[in-house]
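Sequence lines set the chain letters: A, B, ... in the order given, protein chains first and strands last, and positions in each chain run from 1.
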Amino acid sequence: MQVLMREDFDTLIEKLQGADYEVIAPRIREGAIVLDTVDSAGDLPAGWTDEQEGGRYTLHRTDSPSLFHYTVGPTSLKSFLYPSRSLLCRVHGGHNDFDVEEPEIEAPQRAFVGVRACELHAMAIQDHVFAGGRHPDPVYTARRNNIFLVAVNCSKAGNTCFCASMGTGPEATAHYDLVLTEVVEDGTHYFLIDAGTKAGRSMLDELPLRPARAAEEEAGAAVVRNAAGSMGRSLDTEGIEDVFFENLENPLWQEVAERCLTCSNCTMACPTCFCSTVEDVSTIDNDMAERWRVWDSCFTTNFSYVFGGAIRKASSSRYRHWITHKLAAWQEQFGTPGCVGCGRCITWCPVGIDITEEAAVLRRQKETRQGEARYGAGTRTAY
Amino acid sequence: MHTPRKPKLAVWKFASCDGCQLSLLDCEDELLAVANSVSIAYFPEATRAEVDGPYDISLVEGSISTGEDAERIQMIRDESNLLITIGACATSGGIQGLRNFANVDHYINTVYAHPEYIHTLRNVSPISQHVFVDYEVRGCPINKYHLVEVLSAHLAGRRPNIPSYSVCVECKRRGTPCVMVAHGTPCMGPVTQAGCGAICPAYNRGCYGCYGPSEECNTQALSAWWTKLGVEDADIARSYRSYNALSGVFRREGSRYAKKAAAGATNEERRQ
Ligand code: SF4
Ligand code: SF4
Ligand code: SF4
Ligand code: SF4
């Protein structure tokens with residue numbers, strides 16, 4: 001492990017820019033820390049931290065000069081690798097005589113600085129979905145191949161974070177080119193830095209680094225331990241598939257539906273949700289038509305529309321579908337859970353519906369029922 | 001698909017501000033293509049030439065406010081193959097629908113120097129309460145691209161791409177941090193139909209609900225959250241009672257909170 005001093009942090013950004021990367025890092029926009037283009041380290045939210053709760057996100061100043069003392073914001077890598085709108089094809093000409101134009105895929109060279117462990121795991125899940133099968137998605141793969149990832153280990157966990165439960169954080173263990181741990185103590189401010197790929201190692205060679213001392217490595221490990229110990233939420237994943245598959249009929253779904261707005265924010269904010277719909281548009285003179293892929297959500301009516309109507313008419317069935325897919329069915333489908341515990345769906349749900357809380361309610365009921373069966377108790381509690 | 005002759009289009013106006021039909025003229029880039037694809041048979045805002053019916057497509061703006069309106073819309077329906085209503089007034093009564101919650105005689109006496117010349121119905125109503133409507137294009141004002149889209153889709157024999165989901169979807173697609181979550185600003189987005197491109201949240205404002213209720217919207221859950229954000233009952237009622245005050249769920253939720261407000265307690269008083 002090596003050390004990059006805070007004063008040399010700009011060198012990292014300059015070197016990335018020098019290698020023709022557009023550098024994307026956390027910065028404050030419209031009251032939230034989002035991923036956006038930065039020119040220098042001065043654009044990062046030094047001395048800011050976030051506070052997150054169900055349906056609530058606020059920023060606060062701290063006295064620490066640290067650059068990364070907050071958790072993930074409303075946007076994720078997803079918006080960059082899988083854009084919310086992409087043109088799939090354009091057709092010119094008339095009824096019998098037409099040309100199909102395949103649009104050029106925009107795949108800018110981008111370096112992301114400050115990517116969290118949960119985010120990297122979410123990306124790995126999307127890699128599997130978009131690039132894993134026999135028909136890799138051209139938009140996703142082109143964009144994915146042109147990025148450089150500088151991860152940062154979290155120095156705090158948010159109130160809505162539960163990566164420790166999902167085994168996805170707060171320490172970045174894979175999928176990065178470089179990884180940083182930010183240490184601010186006794187008037188010193190430095191980053192422990194390590195590489196995960198060949199590209200990362202060549203970048204290390206370009207930076208003004210020195211080997212880390214044992215005490216510095218220990219300070220870095222303490223930062224990560226501290227984050228792991230401050231998770232605001234937790235989710236018990238033991239036997240979780242049964243918790244959901246045995247509860248397809250449950251009064252909980254109706255109870256959540258009374259609170260749920262079916263607004264789709266949870267799915268749009270989720271870094272692993274990948275659903276899209278296809279829209280065909282044509283000009284009024286019918287000389288040109290375009291086919292677009294746009295983000296969709298299982299909370300909309302048209303999502304489950306088949307001939308004759310929508311299958312999931314009630315919002316209770318939509319919430320059930322969503323949470324069951326994320327935490328149980330995904331495992332069967334892709335071999336991992338569909339949730340990395342980033343907490344975005346909790347924070348950015350405008351009415352604070354909490355995936356960990358609803359899962360816990362179901363589990364408690366299941367345990368109560370099992371207890372009753374064991375001890376031969378009479379009536380079942382509703383939940 | 002080639003139509004042998006250009007479909008005849010008529011544009012009709014009822015109680016409204018003209019903003020929606022003007023968006024047809026505002027389609028600068030597409031206007032020529034529109035004019036080439038349909039023959040404009042009746043459109044007093046744009047041309048003095050009038051061609052008699054029947055019409056292939058009628059665009060209807062405005063709500064029914066007078067007895068004469070109520071008769072005229074029947075005539076238009078009879079003369080039109082396809083009837084498309086455009087804008088909040090036509091689809092849900094519009095801002096003038098607010099008079100349904102008050103005494104219209106009181107308004108007339110306050111506003112007009114000669115109230116005796118004014119003949120109006122007690123209540124305003126959307127077009128669909130009078131005749132069968134083939135398609136509704138919502139918004140106050142409508143999004144001009146929706147109008148072109150509905151016409152293009154009809155001419156091509158395909159389904160128009162007009163969303164029925166919430167404004168939140170557009171907000172997230174454009175990457176705007178949610179104003180309700182990040183600033184505590186009350187926003188109608190979760191219960192409002194998309195279509196505007198989520199303009200207001202992009203300018204740090206809550207959505208005003210211009211496009212009316214979204215599919216299966218849960219207004220009760222939203223109002224309960226607004227109360228937590230500190231919004232008074234009377235203000236909740238006012239938010240539902242704006243451009244789409246008469247449309248189904250907005251009407252019910254507006255009335256529920258108007259009653260609560262009338263019953264007394266402001267949040268301040270309740271806290272004490
Ligand atoms: S979920 Fe874990 S890795 Fe993600 S931001 Fe929170 S603490 Fe960091
Ligand atoms: S389901 Fe929620 S907590 Fe899990 S990855 Fe998606 S947004 Fe994050
Ligand atoms: S769970 Fe929350 S964010 Fe998701 S659709 Fe329901 S109200 Fe919207
Ligand atoms: S700002 Fe309004 S429209 Fe946008 S996501 Fe939040 S609640 Fe929905």
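- Neither the backbone nor the side chain of A:T267 comes within contact range of chain B; no heavy atom of the residue lies under 4.5 Å from a heavy atom of that chain.
- Between the side chain of B:H183 and the main chain of A:Y57, no donor-acceptor pair closer than 3.5 Å is present.
- Looking at A:R259, the atoms closer than 4.5 Å to chain B (heavy atoms on both sides) all sit in the backbone: N, CA, C or O.
- Taking the side chain as every heavy atom from C-beta outward, B:C168 and A:S264 never approach each other to under 4.5 Å.
- If you measure heavy-atom distances from A:S282 to chain B, the contacts under 4.5 Å come from both the backbone and the side chain.
- Interface remark: B:N161 contributes side-chain atoms only to the contact with chain A (heavy atom separation under 4.5 Å).
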So B:N218 and A:T262, side-chain contact (heavy atoms from CB on, under 4.5 Å) or not? Walk me through it. CA-CA 8 Å; B:N218 188 347; A:T262 59; 5.9 Å; no
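- At a 4.5 Å heavy-atom cutoff, the contact between A:R29 and chain B is made by backbone and side-chain atoms alike.
- Contacts between B:E149 and chain A at a heavy-atom distance below 4.5 Å involve the side chain alone, from C-beta outward.
- Among the candidates B:S166, B:P190, B:S214, B:C217, the single residue satisfying the side-chain contact (heavy atoms from CB on, under 4.5 Å) test with A:L261 is B:P190.
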Between B:E216 and A:T301, does the side-chain hydrogen bond (donor to acceptor under 3.5 Å, both in side chains) criterion hold? Intermediate values first, please. CA-CA 8 Å; B:E216 279 113 53; A:T301 307; 3.0 Å; yes
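- Contact of A:S79 with chain B is not made at all, since no heavy-atom distance falls under 4.5 Å.
- B:W225 places a side-chain N or O within donor-acceptor distance of the main-chain N or O of A:P350, the cut-off being under 3.5 Å.
- Neither the backbone nor the side chain of A:N96 has a heavy atom closer than 4.5 Å to any heavy atom of chain B.
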Test A:I284 against B:L155 for side-chain contact (heavy atoms from CB on, under 4.5 Å), laying out the working first. CA-CA 7 Å; A:I284 192 159; B:L155 296 178; 3.7 Å; yes
